[in-house]
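Structure record follows, encoded as structure tokens.
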Amino acid sequence: MLDPALLRGQLAETAQRLATRGYILDTAAFQAIETQRKQVQTQTQEWQNLRNTRSKAIGASKAKGEDTAALMAEVAGIGDRLKENESQLAQIQDRLAALAQGIPNLPHESVPVGSDETANVEQHRWGTPRVFDFAVRDHVELGARKGWLDGDAGVKLSGARFTVLRGELARLHRALAQFMLDLHTGEHGYLECNIPLIVNADTMQGTGQLPKFEEDLFATQVGDTRRYLIPTADVSLTNLVREDILEATALPLRMTAHSLCFRAEAGSYGRDTRGMIRQHQFEKVELVSITQAVDSFAEHEHMTRCAEIVLERLGLPYRRMLLCTGDMGFSATKTFDLEVWLPSQNTYREISSCSNCTDFQARRMRARWRNPENGKPELVHTLNGSGVAVGRALIAVMENYQNADGSIAVPEPLRVYMGGAQCIV
RNA sequence: GGAGAGGUGGCAGAGUGGUCGAAUGCGCCGGAUUCGAAAUCCGGUUUACGGUUUUACCGUAACGUGGGUUCGAAUCCCACCCUCUCCGCCA
């Protein structure tokens, strides 16, 4: 949620900034309902005040044994008018909340304006794509050779966008997750967490998946209770601080988790249908930081570096992209994507996305920290980033480290998790 | 699945219709005392929202949630949610 003060005090300017990311705010409608809110709320509170003071007077009068009939007559009818005002106010505030919940975060001033990914700006590149002296295979071919990667089995068990991994490739997949988790906990100072994959609606609302993006989620229903499968561990990790007031010494709070992620991928029919680029179920090592407001942009850079180091240690060429206004997620004010080189596609493909959500999620979650300077609670800033997507990292390793015979060299940092193997054949 | 207990401030824990946003204790912050500390004493210590003359003041709301009764609800009534304990089952 945006700061309501922005919508009240700087409506036109705020609407203009939202327009750069393709969100059109109906300012006239908002202004009208806001004016009504102010009037009804003020009036409601006046009625409440009157009722409270009169009721207290009745109590005091009765205590003295006086006749209260006159006072009672005075308050007659207040209750009905008050009730009417209160329900009217509740309606207005529901409408305002629904409106506010649907508004995305404001883009940071450093974010380039654009409508889609073609306007994203490359920041830098690392590594040199390998030159092959044989015809490169893509991860599907490489995986099929030994039954390592089996899309048909995934379809049989579940449907499209599910796959089965077997043997040494399954182990390599596991090794990648282990390596990333050990790197972030051991060298980057993130606290390892193991989190629920199934969460309630409040949690989904806290990070912005609900109410707007329900169709992207898998859900469970037990009795009357509806819960949701997380699309990213960011949901569980960030909501850990929901409704909390953190001590200043607890910040920055850096957490990481290796988890399964579930996405319905509604609206991406026909995209990336080959192989395991885009799955309903995949694994990711997620990074989350909770910071003070003044620290969040520095933390954003730090977090992105932590993700880049994963790729550098694995020897995978990548580039960092600064997303334009139109390509960012709902909650983000600024996002860096890391794109890894895929030889079979002769291009860079997204493998990580690191976003600063400023106080947007924190306001929804009422996640605050206490500023010792004035003792007042202030909203935290929340950041999340993939560090990195495990399935896509597996694809990148397969394709970049393939040999002419279809075997795959194991990047040095993973060998310790592979029983010392230098190559899987 | 069966049986029971319980949800009040940072924590513990009072409060069963009337200045109760809430006793008391602990914790925490400030001060006094002290060479310093402990102990002791004094004062302070929730959050959100709204308004205004905006480092301040005033108002409103919140005792699990939502309804109801009432001039007035932490307290009475109804429904729901959650947590805990024991038994059963289970990784």
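Just so we're on the same page: letters track the sequence lines, and every chain starts at 1. Because only heavy atoms are used, hydrogens play no part in the values below, and waters and symmetry mates are left out as well, while side chains stay in.
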Practice task
Take the angle between the ring planes of A:His188 and A:His184 and call it parallel below 30°, perpendicular above 60°, tilted in between.
Solution key: tilted
Problem - Parallel, tilted or perpendicular: ring planes of A:Phe336 versus A:His300, cut at 30 and 60 degrees - result: parallel
Between [N] and [M], how far is it from one [atom1] atom to the other, in whole Å?
{"N": "B:U33", "M": "B:A48", "atom1": "P", "value": "36 Å"}
{"N": "B:G18", "M": "B:C57", "atom1": "P", "value": "31 Å"}
{"N": "B:A22", "M": "B:A62", "atom1": "C1'", "value": "12 Å"}
{"N": "B:C49", "M": "B:C87", "atom1": "C1'", "value": "48 Å"}
{"N": "B:G27", "M": "B:A12", "atom1": "C1'", "value": "10 Å"}
{"N": "B:U24", "M": "B:A14", "atom1": "P", "value": "15 Å"}
{"N": "B:A73", "M": "B:C80", "atom1": "P", "value": "24 Å"}
{"N": "B:G31", "M": "B:C84", "atom1": "C1'", "value": "43 Å"}

Problem - A:Leu237 side chain near A:Cys193 side chain, heavy-atom distance below 4.5 Å - result: yes
Between [atom2] on [N] and [atom1] on [X], what's the gap in Å once rounded to a whole number?
{"X": "A:Arg227", "N": "B:C82", "atom1": "CZ", "atom2": "C1'", "result": "11 Å"}
{"X": "A:Gln43", "N": "B:U60", "atom1": "CD", "atom2": "C1'", "result": "14 Å"}
{"X": "A:Asp202", "N": "B:G66", "atom1": "CG", "atom2": "C1'", "result": "14 Å"}
{"X": "A:Glu46", "N": "B:A61", "atom1": "CD", "atom2": "P", "result": "13 Å"}
{"X": "A:Lys62", "N": "B:G72", "atom1": "NZ", "atom2": "C1'", "result": "9 Å"}

Test salt bridge (Lys or Arg N to Asp or Glu O under 4.0 Å) applied to [X] - qualifying residues, sequence neighbours left out:
{"X": "A:Arg145", "answer": "none"}
{"X": "A:Glu339", "answer": "A:Arg319"}
{"X": "A:Arg313", "answer": "A:Glu187"}

Practice task
Give me the one residue out of A:Asp337, A:Leu342, A:Val310, A:Val388 that meets side chain to side chain contact (heavy atoms under 4.5 Å, CB included) with A:Ile351.
Solution key: A:Val388
Practice task
May I ask you to check whether A:Phe213 and A:Phe330 place their ring centres under 6.0 Å from each other?
Solution key: yes
Fill in the blank from the handout: Exactly one of A:Arg364, A:Arg366, A:Arg368 clears salt bridge (Lys or Arg N to Asp or Glu O under 4.0 Å) with A:Glu243, and that residue is A:Arg366
Sub-3.5 Å pairs of nitrogen or oxygen atoms, protein against nucleotides 46-50 of chain B:
{"residue": "B:U47", "atom": "OP1", "partner": "A:Arg370", "partner atom": "NH1", "Å": "2.8"}
{"residue": "B:U47", "atom": "OP1", "partner": "A:Arg370", "partner atom": "NH2", "Å": "3.3"}
{"residue": "B:U47", "atom": "O3'", "partner": "A:Arg368", "partner atom": "NH1", "Å": "2.9"}
{"residue": "B:A48", "atom": "OP1", "partner": "A:Arg368", "partner atom": "NH1", "Å": "2.9"}
{"residue": "B:C49", "atom": "O2'", "partner": "A:Gln41", "partner atom": "NE2", "Å": "3.2"}
{"residue": "B:G50", "atom": "OP1", "partner": "A:Arg8", "partner atom": "NH1", "Å": "2.4"}
{"residue": "B:G50", "atom": "OP1", "partner": "A:Arg8", "partner atom": "NH2", "Å": "2.5"}
{"residue": "B:G50", "atom": "O4'", "partner": "A:Gln41", "partner atom": "NE2", "Å": "3.1"}
{"residue": "B:G50", "atom": "O3'", "partner": "A:Arg37", "partner atom": "NH2", "Å": "3.0"}

Practice task
Strictly below 4.0 Å, heavy-atom distances to any atom of RNA chain B: list the hits from residues 47-61 of chain A, or just say none.
Solution key: A:Gln48, A:Asn49, A:Arg51, A:Asn52, A:Ser55, A:Ile58, A:Gly59
Practice task
Taking Watson-Crick and G-U wobble pairs with both distances under 3.5 Å, convert RNA chain B into its dot-bracket string, 5' to 3', dots for unpaired and | for cross-strand pairs.
Solution key: ((((((((.[[[..)..(.....]]]((((((.......))))))(((((((...))))))).[[[[[..)....]]]]])))))))....
Problem - Heavy atoms of other groups near A:Gln221 CD, more than 12 under 6.0 Å - result: yes
Handout entry: Note: A:Glu214-A:Arg226 ion pair, threshold 4.0 Å (strictly below)
Key = yes
Practice task
Respond yes when some side-chain nitrogen or oxygen of A:Lys83 is under 4.0 Å from OP1 or OP2 of B:G67, and no when none is.
Solution key: no
Problem - Distance (rounded to the nearest 0.5 Å) between A:Thr232 OG1 and A:Arg263 CZ - result: 6.0 Å
Practice task
Map A:Glu34 and A:Glu86 onto RNA chain B by nearest heavy atom, then report which one ends up closer to the 5' terminus.
Solution key: A:Glu34
